[in-house]
Peer 1: 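Handing you this structure, nothing more for now.
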Amino acid sequence: MATHFFADTAVLTGRTMRHVTRSMDTIITTAITPIAIMLLFVYVFGGAIDTGAVSYVNYMLPGILLITIASGISYTAFRLFNDMQGGIFERFQSMPIARSGVLWAHVLTSLVANVISLVVVVLVALVMGFRSGAGVLAWLAVAGILILLTLALTWIAVIPGLTAQSVEGASAFSYPLIFLPFISSAFVPTDTMPGPVRAFAEHQPVTSIVNTIRDLLTQQAVGTGIWIALAWCVGILIVAYFFATLSYRRKIS
């Protein structure tokens with residue numbers, strides 16, 4: 001049964017990956033938005049923001065990476081919505097394949113596409129002056145957190161992809177996720193914010209994830225922050241996966 005699932009998922013992932021490679025503009029568009037924000041903040045606002053000994057491009061890059069992921073998953077919902085409207089799910093149901101493999105194919109495609117976009121953004125950041133003395137283990141930890149977050153947000157994207165009534169509704173859910181880093185420690189220290197905003201910023205998931213990635217890249221002690229960040233990622237992943245699979249069962253029943 002497991003072999004059947006993995007084989008079907010691999011075939012279906014190849015199908016969705018071909019759709020992505022035939023329209024590389026989706027990956028380019030995903031990277032353009034965070035790159036534009038990075039250019040704007042570094043070269044326009046960066047000089048007015050005090051981040052201490054850390055250069056501003058180093059300070060803000062973790063938040064930009066999260067915006068990249070949030071931008072990328074909107075295309076997952078878009079592709080899933082198109083499959084639902086095109087009747088491909090009904091055709092798959094008549095075939096002897098693992099039903100969950102259809103969803104996992106979209107999720108894995110999202111993961112690959114987002115990793116490519118993240119690499120592009122990091123390369124642009126290097127051109128802009130980003131530097132890190134972090135070791136291999138620190139970079140692996142950063143990659144692990146980003147992959148876990150991508151999976152968590154992608155499963156969130158699956159829900160509107162399955163339930164939306166229009167293509168606009170399928171992708172519009174990502175706007176709050178893109179906006180959330182702006183009310184966190186991603187671009188400015190939270191201690192510069194007014195009381196209520198600061199309280200929200202310091203207790204939402206983006207701040208703990210951004211702070212952990214930033215500490216890893218700048219070779220600072222992460223302390224318990226990394227466990228809080230991982231707890232947010234895993235918690236979101238579990239809840240999103242539950243509701244996504246529930247929506248899928250209702251849709252195909």
Side-chain angles (χ1 to χ4, degrees), residues 30 34 37-38 41 49 51-73 76 107 110-112 114-115 117-119 121-122 125 130-159 173-174 176-193 197-244:
T30 298
I37 294 172
M38 185 163 57
F41 272 82
I49 301 174
T51 55
V54 181
S55 69
Y56 191 60
V57 65
N58 282 26
Y59 183 89
M60 72 174 302
L61 181 60
I64 292 295
L65 296 178
L66 267 61
I67 290 176
T68 304
I69 296 171
S71 299
I73 61 169
T76 301
V107 170
S110 172
L111 181 60
V112 173
N114 274 288
V115 166
S117 297
L118 288 169
V119 170
V121 170
V122 171
F130 167 72
R131 297 294 182 270
S132 174
V136 175
L137 290 179
W139 275 104
L140 288 175
V142 170
I145 292 171
L146 291 174
I147 288 172
L148 192 59
L149 181 64
T150 301
L151 289 173
L153 296 186
T154 298
W155 280 108
I156 292 178
V158 168
I159 300 171
F173 82 97
S174 65
L177 298 178
I178 294 173
F179 181 71
L180 202 56
F182 291 96
I183 316 177
S184 72
S185 63
F187 299 101
V188 296
T190 55
D191 55 16
T192 64
M193 301 176 182
V197 178
R198 177 179 178 178
F200 174 79
E202 291 180 345
H203 295 90
Q204 59 126 319
V206 170
T207 292
S208 61
I209 295 170
V210 162
N211 287 346
T212 298
I213 294 175
R214 183 182 294 132
D215 288 341
L216 288 167
L217 293 179
T218 56
Q219 299 175 285
Q220 302 296 316
V222 294
T224 59
I226 190 170
W227 301 113
I228 297 174
L230 289 173
W232 274 114
C233 291
V234 173
I236 295 170
L237 175 59
I238 292 172
V239 173
Y241 178 78
F242 172 79
F243 283 105

Peer 1: Using a distance-only test with no angle check, is there a side-chain donor-acceptor pair under 3.5 angstrom linking T150 and N114?
Peer 2: no
Peer 1: Between L149 and W232, is a side chain to side chain contact (heavy atoms under 4.5 Å, CB included) present by the stated rule, with each step listed?
Peer 2: CA-CA 9 Å; L149 181 64; W232 274 114; over 6 Å; no
Peer 1: Quick one: are F130 and L217 in side-chain contact, heavy atoms under 4.5 Å?
Peer 2: yes
Peer 1: For a 4.5 angstrom cut-off between non-hydrogen side-chain atoms, does S132 reach N58?
Peer 2: no
Peer 1: A152 and A240: which non-hydrogen atoms are nearest, and at how many Å?
Peer 2: O-CB, 3.8 Å
Peer 1: Okay, side chain of T207, backbone of S184: is any donor-acceptor separation there less than 3.5 Å?
Peer 2: no
Peer 1: Rounded to the nearest 0.5 Å, what separates atom CG in L216 from atom CG in N211?
Peer 2: 11.0 Å
Peer 1: Spell out, as yes or no, whether a donor-acceptor pair under 3.5 Å connects the side chain of T154 to the backbone of S110.
Peer 2: no
Peer 1: Looking only at heavy atoms, which two atoms of A186 and G63 are closest? And how far apart?
Peer 2: CB-CA, 3.7 Å
Peer 1: Evaluate the side chain to side chain contact (heavy atoms under 4.5 Å, CB included) criterion for residues S71 and I67: first the C-alpha distance (whole Å), next the side-chain angles of each, then the deciding distance (0.1 Å), finally the verdict.
Peer 2: CA-CA 6 Å; S71 299; I67 290 176; 4.1 Å; yes
Peer 1: Mark yes or no for whether R214, through its side chain, and S185, through its backbone, hold a donor-acceptor pair below 3.5 Å.
Peer 2: yes
Peer 1: Let's go through M38 and L61 carefully: what are the C-alpha distance in whole Å and the side-chain angles of both, what is the deciding distance for side chain to side chain contact (heavy atoms under 4.5 Å, CB included) to 0.1 Å, and is it a yes or a no?
Peer 2: CA-CA 8 Å; M38 185 163 57; L61 181 60; 4.1 Å; yes
Peer 1: Report yes if the side chains of I238 and F242 come closer than 4.5 Å at any heavy-atom pair, otherwise no.
Peer 2: no
Peer 1: Run through Y59, F179, F182, Y56 and flag the one making a ring pair (Phe, Tyr, Trp, His ring centres under 6.0 Å) with F187.
Peer 2: F182
Peer 1: Mind checking whether L177 and I73 have side chains closer than 4.5 Å, heavy atoms only?
Peer 2: yes
Peer 1: From the options I209, L153, L230, select the one residue that forms a side-chain contact (heavy atoms from CB on, under 4.5 Å) with L148.
Peer 2: L230
Peer 1: Sort out for me which residue in L118, L146, L180 forms a side-chain contact (heavy atoms from CB on, under 4.5 Å) with L66.
Peer 2: L146
Peer 1: Closest approach of A70 and S174, non-hydrogen atoms and distance?
Peer 2: O-CB, 3.6 Å
Peer 1: State, yes or no, whether a side-chain contact exists between V107 and L151 at a heavy-atom distance under 4.5 Å.
Peer 2: yes
Peer 1: When you compare the side chain of L65 with that of V122, does any pair of heavy atoms fall below 4.5 Å?
Peer 2: yes
Peer 1: Whether the side chain of T212 engages the backbone of G225 through a donor-acceptor N/O pair (distance < 3.5 Å, no angle test) should be reported.
Peer 2: yes
Peer 1: If you take all heavy atoms of A125 and V57, which pair is closest and at what distance?
Peer 2: O-CG2, 4.3 Å
Peer 1: So, for M193 and A201, which heavy atoms are closest and what is the spacing to 0.1 Å?
Peer 2: SD-CB, 3.7 Å
Peer 1: Testing the 3.5 Å rule here: is there a donor-acceptor pair between the side chains of T190 and E202?
Peer 2: yes
